[in-house]
2 protein chains.
Amino acid sequence: MPPQNDNPEVSLDTLIGYALRKAQLKVFQHLVNELEKFDLRPAQFSALAIIDQNPGLVQADLARALDIEPPQLVPLLNKLEARALAVRVRCKPDKRAYGLFLSKAGEQLLKELKVIAQQSDEASTATLDDAERAQLLGLLQKINRNHDCL
Amino acid sequence: MPPQNDNPEVSLDTLIGYALRKAQLKVFQHLVNELEKFDLRPAQFSALAIIDQNPGLVQADLARALDIEPPQLVPLLNKLEARALAVRVRCKPDKRAYGLFLSKAGEQLLKELKVIAQQSDEASTATLDDAERAQLLGLLQKINRNHDCL
DNA sequence: TATTGTTATACTCTATAACTATA
DNA sequence: TATAGTTATAGAGTATAACAATA
């Protein structure tokens, strides 16, 4: 922390965006470190979870759910397929598209990863108690509701 | 009883990290759009605010405060100096280092930007009322307090 | 002609090693 | 020798246009 601060009445510390970014970097970095042991990135974990909850969805749907562009999905899914965690299956009605499914190994790994992610969440927010964590989750989800202002 | 492995207890929507990331992207993107009108990035705004509160700090201090590496600071400060918003001044005691100061124009622009940032904060969290916003800020700051290294 | 997934490309952000000039 | 700032560079993450196969 740099030297003194003689005019603190309006500062970065009153901005939600500033605190939000710092907190996100901290929590995200913790998860990155945990998932590194599985040679996975957070987006790959999220992809596994979304496929698990929406078996058969096509890549465009997954891209929208992850809020990334379709081209970014290609190496991500290649990696998951190469590790036999997920599969692309040609759609019967529309042979341009692929339905996405988890393999048994993918389902099993995902179960492990969910525990890891939950523990990472708690470890990186260890200054909060359970009630505060629940409160925070509710507030964040409330922010994430209205997407029409974007 | 066969133990069911569905595990709906832990999905992405129960993870603080997931909600935190989505909220941060939303709030950050809103600020990026607002600052774009001034041809500035959030890190440049933060740099202006930190220099303003800590006039004369050296670049290593600013890098630490912004949580970026010193090399990333070079083009950032070059831009601020080229626009005459901030200046690097050789330190008298240690001629290797530069003290950083805002120009009058920098101070004046910063005053404007603080209003913009505050409005951006409120606009991108418009689903929250003032009490919830204050609550959220407190929770985030609590996360950002690290007790393992002071 | 339009769409799904893919390739190629570029632009930003970030991280690290090496260089300069001072100490 | 060690440090402050800089340069050069490489690695991610992200965004867009263009292409192939299919509709």
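Just so we're on the same page: letters track the sequence lines, and every chain starts at 1. Just the heavy atoms: all of them, side chains too, but no hydrogens, waters or symmetry mates, feed the values below. Everything numeric in this text was worked out from a predicted model, so none of it was measured.
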Undergrad: Side-chain donor-acceptor pairs under 3.5 Å in residues 60-81 of chain A, sequence neighbours left out?
TA:
{"from": "D61(A)", "atom 1": "OD1", "to": "R64(A)", "atom 2": "NH2", "distance (Å)": "3.4"}
{"from": "N78(A)", "atom 1": "OD1", "to": "R88(A)", "atom 2": "NH2", "distance (Å)": "2.2"}
{"from": "N78(A)", "atom 1": "ND2", "to": "V74(A)", "atom 2": "O", "distance (Å)": "3.3"}
{"from": "E81(A)", "atom 1": "OE1", "to": "R88(A)", "atom 2": "NE", "distance (Å)": "3.1"}
{"from": "E81(A)", "atom 1": "OE2", "to": "R88(A)", "atom 2": "N", "distance (Å)": "2.9"}

Undergrad: What string of B, S and - do you get for nucleotides 3-11 of chain C, 5' to 3', when a contact is any protein heavy atom under 4.0 Å?
TA: BSSBB----
Undergrad: Indicate the atoms forming the closest heavy-atom contact of Q135(B) with L139(A), along with that distance.
TA: OE1-CD1, 3.9 Å
Undergrad: Kindly give the heavy-atom pair with the smallest separation between L15(A) and L137(B), and that separation in Å.
TA: O-CD1, 3.8 Å
Undergrad: Does R64(A) reach a base, just sugar-phosphate, or nothing at all? Heavy atoms under 4.0 Å.
TA: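 Touches nothing.
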Undergrad: Send over the distance from L66(B) CG to dT14(C) P, rounded to a whole Å.
TA: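 Spelled out: CG on L66(B) to P on dT14(C) is 11 Å.
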Undergrad: Per the side chain to side chain donor-acceptor pair (under 3.5 Å) rule, which among H30(A), Q29(A), E34(A) passes with S120(A)?
TA: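 The residue from H30(A), Q29(A), E34(A) that satisfies side chain to side chain donor-acceptor pair (under 3.5 Å) with S120(A) turns out to be H30(A).
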Undergrad: 5'-most contact on DNA chain D: P93(A) or I68(A), nearest heavy atom basis?
TA: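 Result of the comparison: I68(A).
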Undergrad: How long is the line joining CG of L35(B) and C1' of dT12(C), in whole Å?
TA: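 Checked: the CG to C1' distance equals 16 Å.
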Undergrad: Separation of D67(B) atom CG from dT14(C) atom C1', in whole Å?
TA: 12 Å
Undergrad: In the structure I gave you, are the side-chain heavy atoms of L140(B) and L136(A) within less than 4.5 Å of one another anywhere?
TA: yes
Undergrad: Considering non-hydrogen atoms only, spot the tightest contact between K142(B) and T127(A) and give its length.
TA: O-OG1, 2.7 Å
Undergrad: For L102(A), does its backbone N or O pair with a side-chain atom of D52(A) as donor and acceptor, under 3.5 Å?
TA: no
Undergrad: Walking along DNA chain D from 5' to 3', note the first and the last nucleotide with an atom under 4.0 Å from a heavy atom of chain B, and give both.
TA: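 Endpoints of the contacted stretch of DNA chain D: dA2(D) to dT14(D).
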Undergrad: Quick one: does E122(B)'s side chain have a donor or acceptor within less than 3.5 Å of a partner on R133(B)'s backbone?
TA: no
